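Shown next, in structure tokens, is the structure this report addresses.
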Amino acid sequence: MQNTGAYGQQISDTLTRVTAFDWHLQRIVELQAADCGFGYRASAFKSQPGRWTILGITVCLTRSSSAAPVAYQHLADALAVGLGARPPLAEAAQGVITDREQRGLALPDSGPDARQAGSVFLNPVITPVQAAAVRCAGGPVHRDRSGSLRASAGWLLEQCDYRPGGRIGPGVYCSTARTLTLTAREAATATAFTEALRQLAADVFEAYSIRLRPEPVRSGPSAESSDGPAGPSHRGGAAGAHALAPA
């Protein structure tokens, strides 16, 4: 529903049609790709939660023994090829799987990281001045397809002394493999998870004046959008980071 993307590709690159039940119209509808409002980790389905139940999607794929041109530097390095190369499809697919497993991006079947929703923050849009500061500190900056500059949310959290496996709140921990994924262990609650996101966002805003927006979408009547203060950080300072809201 959020136009998921990775390795230089995203769902909207191949999706042509969505079949969904429209709860406003009370009937099944067919939506073309242009009607879906796709953007960076965004879509009409995400901006209007509860309106549609997605029943099926149609994608247009290209039959080929070679992968699409490699557009992601990290994957290019893992495959030992240059950007734009088209390695054998099976080799590229295995490279993606191996890379995701090594970086904690695959969902494990069991263990402390099994209860999670993946990355908890979007990579934030930043100003040119902020981008220069991040680069000066050794952090990554990239441009998305709209041309906006974005910093790495995971890198920002690590600069605030969060680490893989660290405890954030009651039952809520960073994944043992990566800081940007929060996991739920015994005694975790929705309230604890919500407060953990507030705390992380507040600390990043206090340190860098960069607002983090949650990536997971909350459901239910309490899932209200708010751009108000996130409250004081766990270090005791007041911060005005983005309050928890549907991304």
Side-chain angles (χ1 to χ4, degrees), residues 1-22 28-48 52-110 113-114 116-125 139-155 175 177-178 180-181 215-217 247:
M1 68 181 295
Q2 69 157 359
N3 192 25
T4 298
Y7 303 99
Q9 300 180 33
Q10 54 190 359
I11 293 295
S12 59
D13 292 338
T14 54
L15 185 142
T16 60
R17 186 171 69 252
V18 173
T19 303
F21 187 84
D22 188 326
I28 293 177
V29 297
E30 298 284 339
L31 301 173
Q32 302 303 308
D35 302 322
C36 296
F38 288 126
Y40 173 78
R41 305 296 185 269
S43 73
F45 310 109
K46 191 172 183 179
S47 62
Q48 300 179 59
W52 292 282
T53 296
I54 298 174
L55 304 177
I57 65 172
T58 301
V59 296
C60 181
L61 304 179
T62 301
R63 186 180 297 275
S64 174
S65 60
S66 298
V70 175
Y72 187 58
Q73 187 63 60
H74 193 90
L75 180 59
D77 294 341
L79 294 171
V81 300
L83 289 175
R86 301 191 62 185
L89 186 60
E91 180 181 317
Q94 186 57 54
V96 167
I97 293 171
T98 300
D99 179 63
R100 294 187 71 79
E101 290 176 343
Q102 291 177 344
R103 293 198 292 145
L105 295 169
L107 183 64
D109 294 327
S110 60
D113 297 340
Q116 52 147 297
S119 301
V120 292
F121 290 111
L122 299 167
N123 286 333
V125 173
V141 174
H142 74 278
R143 287 188 182 274
D144 63 24
R145 295 192 180 188
S146 70
S148 297
L149 290 167
R150 290 185 181 271
S152 164
W155 182 86
S175 159
R178 63 195 301 258
L180 189 56
T181 294
E215 186 164 0
V217 175

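All heavy atoms count here, side chains included; hydrogens, waters and symmetry mates do not. Owing to the predicted nature of the structure, the values given are computational and were not obtained by experimental measurement.
Nearest heavy atoms, Pro216 versus Ser119: CD-O, 3.9 Å. Of all the heavy atoms in Ala92 and Pro87, the pair that sits closest is CB-CG, 4.0 Å. Met1 approaches Phe45 most closely through the heavy-atom pair CE-O, 3.3 Å. Minimum interatomic distance between Pro108 and Gln116 (heavy atoms only, all atoms of both residues): CD-NE2, 4.0 Å. Taking each heavy atom of Val70 and Gly82 in turn, the nearest pair found is CB-O, 4.5 Å.
In terms of modelled atom types and a separation under 3.5 Å, the side chain of Asn3 and the main chain of Ser43 share no donor-acceptor contact. Here the side chain of Arg41 pairs a donor or acceptor atom with the backbone of Gly5 at under 3.5 angstrom. The main-chain N or O of Thr58 is found under 3.5 Å from a side-chain atom of Thr16 such that the two form a donor-acceptor pair. Under a 3.5 Å cut-off, the side chain of Arg86 and the backbone N or O of Ala67 do form a donor-acceptor pair. No donor-acceptor pair closer than 3.5 Å links the side chain of Asp22 to the backbone N or O of Trp52. The main-chain N or O of Gln10 is found under 3.5 Å from a side-chain atom of Asp13 such that the two form a donor-acceptor pair.
With values rounded to the nearest 0.5 angstrom, Leu89 atom CG is found 11.0 Å from Thr62 atom OG1. For the atom pair CG (Leu61) and OG1 (Thr14), the distance works out to 6.0 Å, reported to the nearest 0.5 Å. For the atom pair Gln2 CD and Leu122 CG, the distance stands at 7.0 Å (nearest 0.5 Å). To the nearest 0.5 angstrom, Asp77 atom CG is 8.0 Å from Leu83 atom CG. For the atom pair CD1 of Ile57 and CD1 of Ile11, the computed distance is 6.0 Å after rounding to the nearest 0.5 Å. The SG atom of Cys36 lies 14.5 Å from the NZ atom of Lys46; values are rounded to the nearest 0.5 Å.
Between His142 and Ser152 the shortest side-chain heavy-atom distance does not fall below 4.5 Å. Side chains of Thr181 and Asp113 form no contact here, defined as non-hydrogen atoms less than 4.5 Å apart. Looking at Arg100 and Tyr7, their side chains come closer than 4.5 Å, going by heavy atoms from C-beta outward. Arg150 places a side-chain heavy atom less than 4.5 Å from the side chain of Tyr40. With a 4.5 Å cut-off on side-chain heavy atoms, Glu215 and Val120 do not count as touching.
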Ser148 and Ser146: CA distance, side-chain angles, deciding distance, side chain to side chain donor-acceptor pair (under 3.5 Å) verdict: CA-CA 6 Å; Ser148 297; Ser146 70; 3.2 Å; yes
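Side-chain contact of Arg178 with Ser175: a donor-acceptor pair under 3.5 Å is absent, judged by distance alone. Counted by atom type alone, Thr98 and Gln94 present one or more donor-acceptor pairs between their side chains at under 3.5 Å.
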